[in-house]
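Here is the structure we will look at, set down as structure tokens.
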Amino acid sequence: MFSYKFSLFELYVLFFILVLQRPMATTRAEDDTESHEVAEVDNNWWRHAVFYQIYPRSFMDSDDDGIGDLQGIISKLPYLAETGITATWLSPIFKSPMVDFGYDISDFKDIHHEYGNIDDFEELILQANSLGIKIVLDFVPNHSSDQCEWFKKSAAREEGYEDFYIWADGKINANGEQEPPNNWQSIFYGPAWTWHPEREQYYYHQFTKEQPDLNYRNSEVIKAMDEVILFWLDKGVSGFRVDAVNHLFEDPDLKDEPLSGKTEDPKSYDYTQHLYTKDLPEVYDMLQHWRALLDDYSQTHGGPERIMMTEAYGDIKYLMDYYENKEGVKGPQFPFNFLLLTDLNSKSDARDFVFNIQKWLTYMPRNHVANWVMGNHDNPRIASRFSSNSVDAINMLIMSLPGVAVTYNGEEIGMEDFRDISWVDTVDPPALNAGPDKYKLVSRDPERTPFQWSAEKNAGFSNADKTWLPVHPNYEELNLELQKATEKSHYTIYKDLVQLRKSEVLQQGHTRLEVFNRNVFAVIRSLKGDKSIITIINVGPEEEVVDLHDILDDVKQLTVLISGANSIYEKGNAIAVEEVTNFIMAPQEAVVCMIE
Ligand code: NOJ
Ligand code: MG
């Protein structure tokens, strides 16, 4: 397999982790609540993990058809293990016509042929587990593909399937023409209703017209989806990332939504306020039902706690009740925290960062686990959203915060969006809906380009003549191989961070956030009996000098554990008390130090 030599610094970090780490007793979070429920070791695997998101179509192509696949992922598992990652979630790998690149599933219990087959999947689980990596799958309950057998049967009104989807008669307008039943719009532009000539009714779809919404008011749908969950649990997955959960229910009376006043365009999703199509109270019931199913499975089958993490962009108060409602009924282990993704950008200053981090921690119910998502396949990458100089600082930030860190594949090497994808090469459905003039405003293709492994053909992703999306032309300078060979690169910094994150102070420690000025802030993690860790971040474009005594009492010296490429400090440096008074932060840089 792969051979790996530890650098001096890694030995240092390892020493730090081993010597200072007390036995993995229960965490503060577990003391009060969940420790009695599942065996201790298994309960902990996800709580401080880095969840590495793999976008299978773009990760690694094993058969040179220009499309990533399961054998490609298997071939890169040693890379993930070497990086120190212990959990990964895969965007959908199921049978699909690929209208929305796997988020349109035609068979929930089969693997998409371009990705491999069920034997490949079983091999993936086996190999991943043998390397200590847990596999989490994408569960897409809100909709299926229009090519799914269930939809075909429902369209034909086959017994038992009549109400599997949301069907409704149209309205006749003043001109005597047929119109959709109400003013609901799809997230991907245009009406959320499409006429089905065979059934002679409209069906509802929150996303593309090829993704009809399932009807969760039908207990047979719930049963069918429970079977999907159990099928993959039996294959050995450790949990699910659950797609678009806040869209699971719609108002049964199909009432028109009030206009938002935000846009004049009646086809835009922003045209109405989504009172009847989003965040309905019934969503909680489904999430609690799935949590109970997972807990029951973990208890009856033993092994690690099976988890779910949910995707919903929405109001924070609404999301917090996913963790647990007022009555203490639990939903997902954690709803994804998108605040740092949606509410921060290149214009954000130190106060915006601290405010948004603190916001999640303030609203989160006690004894639950925070999480920090900085990227995914639906949003611009870190290098493009902030700047390519900010990659290390942002990775240092999310790795220093308590709970789960989520990394989208490629962020560990600072990949950039490929914004110049031509209209001809564009494949993302909302971009196609927007048309040749406006597609760049909404296209998600730029953040989905193939992983840049090396300077070889197609960045080492594939030997095909054409890849499904073009490779970013910067791959000769920006690739993993090069970064592995460079002493201080995005990758080596990322890898040091993953290791450091395994220390007890970062896993269990109390979190304090401090703003120095408009550009500089710090995260301080401390645990009784351990040395504290401070991450200082300058998000501004200029060098800054701060006095660390402003926020630290009794500091004698700092030891640099991790520093960015442009930082004046090097790992292993001891910074004496006098220098702490005039602590120099290069632009868009961060540094992680141990407080002595
Ligand atoms: C969220 C997924 O992340 C996105 O890629 C997809 O288009 C929609 N849900 C629909 O499933
Ligand atoms: Mg392939």
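All heavy atoms count here, side chains included; hydrogens, waters and symmetry mates do not. Numbering of ligands and ligand atoms starts at 1, following listing order.
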Show me which atoms of ligand 1 lie under 4.0 Å from any heavy atom of [X].
X: His143; answer: 10 (C), 11 (O)
X: Arg444; answer: 4 (C), 5 (O), 6 (C), 7 (O)
X: Arg448; answer: 5 (O)

key: Distance (rounded to the nearest 0.5 Å) between Asn218 CG and Phe164 CZ   =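 The CG atom of Asn218 sits 6.0 Å away from the CZ atom of Phe164.
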
Under 4.0 Å, heavy atoms only, figure out whether ligand 1 is touched by the backbone of [X], its side chain, both or neither.
X: Gln206; answer: neither
X: His247; answer: neither
X: Tyr313; answer: neither

Lys/Arg-Asp/Glu bridge criterion (N-O < 4.0 Å) met for [X], [Y]:
X: Lys109; Y: Asp107; value: no
X: Lys223; Y: Glu220; value: yes
X: Glu122; Y: Lys235; value: yes
X: Lys466; Y: Asp425; value: yes
X: Lys440; Y: Asp445; value: no
X: Glu257; Y: Lys278; value: no

Has [X] got an N, O or S atom lying less than 2.8 Å from the Mg ion (ligand 2)?
X: Asp63; answer: yes
X: Asp65; answer: yes
X: Ile67; answer: yes

For [atom], what is the closest protein heavy atom, and at what distance to 0.1 Å?
atom: atom 3 (O) of ligand 1; result: Asp378 OD2, 2.5 Å
atom: atom 6 (C) of ligand 1; result: Asp100 OD2, 3.3 Å
atom: atom 1 (C) of ligand 1; result: Asp243 OD1, 2.9 Å
atom: atom 8 (C) of ligand 1; result: Phe207 CE2, 3.8 Å

message = Just to verify, which of Asn379, Asp428, Asn376 counts as forming a side chain to side chain donor-acceptor pair (under 3.5 Å) with Arg444?
response =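 For Arg444, the side chain to side chain donor-acceptor pair (under 3.5 Å) test succeeds with only one of Asn379, Asp428, Asn376, which is Asp428.
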
Heavy-atom donor-acceptor pair, Gln211 side chain to His205 backbone, under 3.5 Å =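 Pair absent, no side-chain N/O of Gln211 close to backbone of His205.
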
ask   = Can you check whether Glu411's main-chain N or O pairs, donor with acceptor, with Asn395's side chain at less than 3.5 Å?
value =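 Checked: pair present.
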
message = Can you tell me if Phe101 contacts ligand 1 (heavy atom of the residue under 4.0 Å from the ligand)?
response =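 It does not; every heavy atom stays at 4.0 Å or beyond.
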
ask   = Once rounded to 10 degrees, what value does the angle at the Mg ion (ligand 2) take between OD1 (Asp61) and OD2 (Asp69)?
value =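 It rounds to 90°.
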
